2 protein chains.
Amino acid sequence: MSTFFPMNNGEAVYSYSRNSQIQREVLDGAKEMMKESIIKNLDIKNILSSSNKFHITDLGCSIGPNTFTSMQHVVQVVKDKYHDNNLEFQVFFNDHFTNDFNTLFRSLPVDRSYNASGVPGSFHGRLFPSRSIHFAHCSCAIHWLSKIPKELLDKNSPAWNKGLIHYAGASNVEIVNAYVVQFEKDMEMFFNARAEEIVQGGMMVLVSPFSGWDSLNFFGSSLMDLVNEGMLDESLVDSFNVPIYFPSPDDITKVVEKNGCFSIEKIELTYPQSKLVDEADAKTFIINLKATLEGLFINHFGSRIAEEAFTRTVLKNEEISAWMKTNYKTCQLFIALKRK
Amino acid sequence: MSTFFPMNNGEAVYSYSRNSQIQREVLDGAKEMMKESIIKNLDIKNILSSSNKFHITDLGCSIGPNTFTSMQHVVQVVKDKYHDNNLEFQVFFNDHFTNDFNTLFRSLPVDRSYNASGVPGSFHGRLFPSRSIHFAHCSCAIHWLSKIPKELLDKNSPAWNKGLIHYAGASNVEIVNAYVVQFEKDMEMFFNARAEEIVQGGMMVLVSPFSGWDSLNFFGSSLMDLVNEGMLDESLVDSFNVPIYFPSPDDITKVVEKNGCFSIEKIELTYPQSKLVDEADAKTFIINLKATLEGLFINHFGSRIAEEAFTRTVLKNEEISAWMKTNYKTCQLFIALKRK
């Protein structure tokens, strides 16, 4: 099963462009750390040699507006560090072929201080010429697996994930292990490609959410409600797993060490302030999840069941709000890497 | 009036992707000349110095498939000339923000031998960092004006283009002069931008249709039929002009000399074989024009009148076919330039 389901496109009510607050909060929390990492680790005189062109990419950029905020931030930090008016910035916005690049391009800030281009394709493979990227950024994207490990769908496997849609909440450790193995395979491809593309001394910053997706269980239980009411066959729930794995610092350290081409300059779990969590704003939270996951749900269950599961989950508003107050804390993983 | 009307998008019956035979014939006619020009004029050892990355752009690429054919051709000719396995190619597909980049990206050939990226924006302005492009290609695109000169719409101007939709067929020389002046302004911006972006010794190939668009008069007369039947107000025809000027070799020589940064390595009018013309295939010819111009017509007249004008023109099938046999010859202008 391929998992190339883009964020909801366009600019409508449930679009990603209007419903990406969680991702925005992750991004805001990372801004200061990114600035410090660039100031401490980036040496453009060394990596650009005689050229004046600084190439940045945002991997898994989706359709905005978050990507514009982070790209402008990188450009500004580099500008402020070097005060070199000759520096020119080219930003490569990357996401899957199925991403809505038309919306992305039409939303580009008019006052941007970089040349913009879009690069379609999976970041698990090669996207750029060798040694052509000086700074790669990837926020809220590496946790998407390239596919669901097939053991999760196999009744005869100890990793069969019956009645759940994710490893969160699964009692069987084989299930999370299957996710981990797939994550490691994906990251091996990711780091191999980036090792070719990023110049010596170039940087990569990864930001990934680390918790909070237990909330996927609320969608899962809505689906099981539909099963219990006879609206949905249970085998359809059993055969569905959200292809998201939230890596720990150890997971990242392991894949970086295996690759061997990058040094870890900083790796840190942080707990940023979240307006959504402080206000226990379950409805916004659910709508945000919908904008992110709807394509995936519709592809597997069809649009009627997907919509019904969403509606049921909104009705769990108060339950989710209570859960947010007591159990949920935003947590993100920040990693700054340097190409050796 | 801005003229950012893309070719018909998607892959439907009247889409540009299915109806770009005229543009394809222009392209095929230019292939051999492009090959010769690259072999004769391109010196990558000189322009790449220590780098191995060759940057190509197709300016005004639309949504394919023609752009893929020409980009692969450029890559292949350069590869065949140098037999250097270390060479890496990056292609920047450029067109307006309103172009359907989603369709372009999803149609990218799987077996392409270059990294692909899309660059949205008008080629009358800057698109790339300075000295970053080694080869620029622009086929069937420079004849699009950035806007309609306002004299054409001014009742009190000698250039008022009453009852016609183009300078083709206009008896008043002031009308074509207004088009020429706008073309020269646009090309001044175009060459200023390219002079910054193309490296010293880099090349640019322009291919432009030179004749055959007299056929626009058939659309114009269909609109006037609607006026005579009371379906359309004549002032709407008077205020509509197709923003296309077909430059002559002298026009191009003049703008290149004014810019001063490029040498003309070859400039030639050619008369390629055309299957459409040989077969006097008026219907395919009209559908091709529709795919190219429909956005423009709908924007000015609304979709009902645009469709009606198109239907009326298809009914002139035999008349247009007879005209193609006696008067119409495909003709294209090929220009190879080198950045001094």
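Small disclaimer: the values here were computed from a predicted structure and weren't measured. In what follows, chains carry the letters A, B, and so on, assigned in the order in which the sequence lines appear, proteins first and then strands, with residues in each chain numbered from 1.
The greatest number of non-hydrogen atom pairs below 4.5 Å with chain B, out of A/R126, A/Q90, A/R131, is found for A/Q90. Interface remark: of the candidates A/V119, A/N52, A/N115, A/N115 forms the most heavy-atom pairs closer than 4.5 Å to chain B.
Atom-to-atom distance recorded for B/E88:CD and A/E196:CD is 8.5 Å, nearest 0.5 angstrom. Considering CZ of B/F101 and CG of A/D100, their distance stands at 12.5 Å, rounded to 0.5 Å. Of the inter-residue distances, the one linking A/N102 atom CG with B/N99 atom CG reads 7.5 Å to the nearest 0.5 angstrom.
Under a cut-off of 6.0 angstrom, the local environment of NZ in B/K53 is crowded, with over 12 non-hydrogen atoms contributed by other residues, nucleotides or ligands. Within a 6.0 Å sphere centred on NZ of B/K81, heavy atoms belonging to other residues, nucleotides or ligands number more than 12. Surrounding CD of B/Q76 are more than 12 heavy atoms belonging to other residues, nucleotides or ligands, all under 6.0 Å away.
When all heavy atoms of B/F97 and A/R106 are compared, the pair lying nearest together is O-NE, 3.2 Å. Nearest heavy-atom pair, B/A116 versus A/P120, reported as atom, atom and distance to 0.1 Å: O-CD, 3.9 Å.
Only the side chain of A/L108 comes within contact range of chain B, with heavy atoms under 4.5 Å apart. Heavy-atom distances place both the backbone and the side chain of B/S130 under 4.5 Å from chain A. In this structure, chain B has heavy atoms under 4.5 Å from both the backbone and the side chain of A/F105. Interface residue A/S132: backbone and side-chain heavy atoms are both found under 4.5 Å from chain B.
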